[in-house]
Each structure stands twice: as C-alpha cells, then as structure tokens.
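For reference, the structure is listed below as structure tokens.
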2 protein chains.
Amino acid sequence: MTEAVRVHLELRNDIIGGEFAPGASVSEAELCARYGASRTPVREACRRLQEESLIHIVPFRGYFIAPLTVAEFRNLHEVQLVIDPAAAALAAERASAEQIRSIERWANYEYHTGQKSSYHTFLEWNQNLHVEIAAASGNELFAEITANLQARLIRYFYMVISMDSFGVDLAQEHREIVRAIKARKPEVARQKSSEHVLKTIARTMSLDFASQNSELASEINSISLEPSARQSMQTRSRRRL
Amino acid sequence: MTEAVRVHLELRNDIIGGEFAPGASVSEAELCARYGASRTPVREACRRLQEESLIHIVPFRGYFIAPLTVAEFRNLHEVQLVIDPAAAALAAERASAEQIRSIERWANYEYHTGQKSSYHTFLEWNQNLHVEIAAASGNELFAEITANLQARLIRYFYMVISMDSFGVDLAQEHREIVRAIKARKPEVARQKSSEHVLKTIARTMSLDFASQNSELASEINSISLEPSARQSMQTRSRRRL
DNA sequence: TAGATGCCAATTGTATACAGGTTGTACATC
DNA sequence: GATGTACAACCTGTATACAATTGGCATCTA
C-alpha cells in the first residue's frame, strides 16, 4: 500500500470518527507530522477527500475539515431516499448467492444498548450493510454513491450519544430488507428500504445530540423533507397494499 | 487559475471529446509535454479524473483512459433513471425564478440536423440543461451526481455520427420537463423526466455508431434494463393517467 | 524448447527545494 | 484615531531530484 493511500484511509477515518473539529483548519505540515509522510502523498490524500466532500480546499489558504450543516444532512437523506430503495430492488433481482451471504452477515449484529464501543461497532456494521446491499445491485455506481453517502452521514450519527432502544427497530428493519432481497422480491425490498430511510430520519430528529453541537442539533430537529421527496415511498405503499 | 485546475479541465475535456482512445495508456511525461506543466499538477489532475471515473490508475504501472463498456453505459442509465426524475420533481418545488430562466435558456437550442458542429453544441446544451435542472433542486448533491453522469454519458454519444431527426423529439421532451417545473408540478416533472430518460435509452439503442466501435455498438444495441429499473416510470404513469 | 531466474530500462511514488500568493502587523500618513 | 501601504512570515503551488516498483528481455537450466 502506498503512503498516499494509507494517509487517505487514516485521515478519512479520523475525520469520520470525529478526531478533527468540523470546520477546523489543518495545514499540510500538521498532517505530515501526524501521519509521518511527506507533502506529496498528504496532498494527494487531501485532494481525494475533497472529492468525497470531507475536506474543503481553498486555494492558497489551506484545508478545512468539512463542517456539519443542516443543509448537507438534508441533502444526504434526500439522495439516500432515492438511491437506497432503487439499489435494494435491483439487488433483489441480481444479487449472487455469495453477496446475499455477505449481506446477511452484516445484518446479524447485536447492539447492546448503552455501551459506547458497541455503538461505534453498530454504526460501522450499519454502514457496511448499506454498502453491501448497493454492491449487490450489480451496479458499482450505486455502491460508490452509497459508500460516499454513508461516510458523510456517519459523522452526524457520531454526534449522537447513543441510540438506546432504537437499535432494536433498526435491526428489525434491516432484516426485513434482507429477507425481501433473499426472497427475490424487488418491490418489497424497495418499499422496505424506503420505509427504513424515512424511519431513520424520523428517529434522528428525536435524538439526544452531543451538547457541543446543540445549535446544529436543534436545527436538525426542525428539518422537514419536501413532499416530493417523501412521495417515493407513499406511491409504493399505496400500490402494494 | 492554478496549473492543476487548468490541466484537469483541459484533460477532462479532451477525454470527453474523444481526443484519447478509450483504454489507451498515457504516461505522466506525455501529459506534461502536451499541457505544458510539471508532474505535480498533472498528477493532481489525473487523481481528480480518477475520482470522476474518466481515468483508471494502476499503481506503478500508469494511467489508462477509462474504456467505454456496455456495463458502464447501463450503469449510468440506471442511476440516471433514479436521479433525474427525483431532481426534476424537487426543482419544480424549489427552483428560483432565476434558475428557471437559466433552465429555459439551455432548453432553447436549435439543432440543425446533419451538421457535425451543431451536433456537438447540441450535446453540450443537453448536458448543461440536465445539470441546471439538478442544481435547481436546491440539493447540490443531485447537481454533482448529475454532472458526473452526464460527463461520462457524453463520451458514448460522441460515438454517434449524428442524431438526425432525434434532435426534434429530444427538444420537445426537454420543453415538457421545463414547462412542468415552471408550472410547479413536481409529479408531472418527475414523470416527464422518467419518460425522457427511457426514450433516450431506446433512441440510443437504434443509433448508427461510428465504425471503430462497432463491437461496443452492437453490444449496446442488445441492452435491456431490469424490470425494477423501468418500474420507476411505469408506476408513475399508471398512477397519473 | 519450455520454463524459471536475474538484470535492466522505464515509469510511477516520494521527498524536498524553490516560486508565488495571502494574511496580518507595523508604521506612516491624513 | 482611522486608514492605507509596505513588509514579513507563513502557507500553498510547482518543479525536480531521488527512491521504489514493475515488466520485459536475456540468460540459464532441465
């Protein structure tokens, strides 16, 4: 593995994990010291993270850790609401036996409420499950887009202290999506996926956000999606039921 | 504008415009000579183009112009079929007066059949229209994804000698989408956008591809989308009509 | 002759020196 | 005291030297 790739992965992980304050300025020299690499691979890593919208680069000024904003949070969910169900439906048609096994493995987590370490693991499993389902669509674009959405979304979830009882609902919804994919029922998978995203949004809005971001948290709690963004699911439900 | 940005834009334009053969290998030295820059900005430009899937980088081996494949063509359309209608629906709700004016400007092109230069301009206007509609959704993620999809799709359209009479249909469909957005009718915009994408796919499959890619062309002609990918539009039509 | 092995040219990955731009500060001027 | 300007420190952008890796080719061996 080259230095550039290593720095990219480690820095990315640190940003997602909250090692840097959102909006904070970081210099190349700083990153070179932290990751033990020279400027060239550090620059390359930062440029890739810019493409992933985890870092903002202002020419001749420096690098800034992408801030967490209500607009981005809403945007991510709007796109997810469109991408996830479509990918789930395709996965139900095209997933290989091996891909289904892999999906089932990620869906079989145990979330022990109240444990911080368990919560972090839980978020990673959740992320992997979503990406794995998208990959099973047989369309790598869906997988790439999903990976980017999840990486950016997880930063918001890390703000949350814990999800407590929510983990149970979430696991249940995941299993329903997986069951539909395994049963080769695209429309059920699509509907379950839509419901899951909408419920996740609803759950997030009632969460107990970490105090240092209380301003953002209260703003997030006031989000409401446009009618046409929700419409995706409603149409399906009406049609199916 | 920095060298890196300039090289990125020019190289990107050259790849999209077909200046390089798909799959061709290019060395850093070659690109340095061609664009009159040193290796550092050339490398940065190539890394960004890799993120956009226009170049493949194999470590220690070199850069390869992304090949045109049936799988990619299908993947791009599958994602477009999901992104475009959703963005159009949101645009109908949230587009500003200025954005609507901008969209109308891009929709008002005149395509003179048979003229090669006119055809290229036509493709650019088409691309800009799609991106502008996505931007009017008020969600920059839709705009970014659309810009990437369009950049990659246009390489396939450049293979086509001309679209002849198709330009007329296309312009008509575009105007219908724009009309729905201007009239603030999200569901009509969504439906018209879905139809437009599906019709574009159908039109492409019956096209006269340039001979040097006849193998790819015949493969493209045999594409068929999965039922659940088409389902998006059918549901809406049934529901509306 | 088929296959394995070691060397070498070519190319990319990394480190670093140098150039260019930006920001903040100190000082002169009004 | 407010404002504008010059300068300096700092940082990023670019160029280039050096290190590491690859793949092909020649050579050797069975």
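Lettering follows sequence order; numbering is per chain, from 1.
- By the 4.0 Å N-to-carboxylate-O rule, Lys182(A) lies close enough to Glu104(A) to be salt-bridged with it.
- Relative orientation of the Tyr158(A) and His120(A) rings is perpendicular, given thresholds of 30° and 60° on the angle between their planes.
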Can you give me the N/O atom pairs linking the protein to nucleotides 10-14 of chain D at distances under 3.5 Å, or say none if there are none?
from, atom 1, to, atom 2, distance (Å)
dT12(D), OP1, Glu28(A), N, 3.4
dT12(D), O3', Phe60(A), N, 3.4
dG13(D), OP2, Arg43(A), NH1, 2.6
dG13(D), OP2, Arg43(A), NH2, 3.1
dG13(D), OP2, Arg47(A), NH2, 3.2
dG13(D), N7, Arg39(A), NH2, 3.0
dG13(D), O6, Arg39(A), NH1, 2.9
dT14(D), OP1, Glu3(B), N, 2.5

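- Classification of the Phe73(B)-Tyr156(B) ring pair by plane angle, with boundaries at 30° and 60°, yields tilted.
- Taking atom OH of residue Tyr35(A) and atom C1' of nucleotide dT14(C), one finds them 19 Å apart after rounding to whole Å.
- Here the closest heavy-atom approach between residue Glu52(B) and residue Asn148(B) is recorded as O-ND2, 3.2 Å.
- Under a 4.0 Å N-O distance rule, the pair Arg74(A)/Glu78(A) qualifies as a salt bridge.
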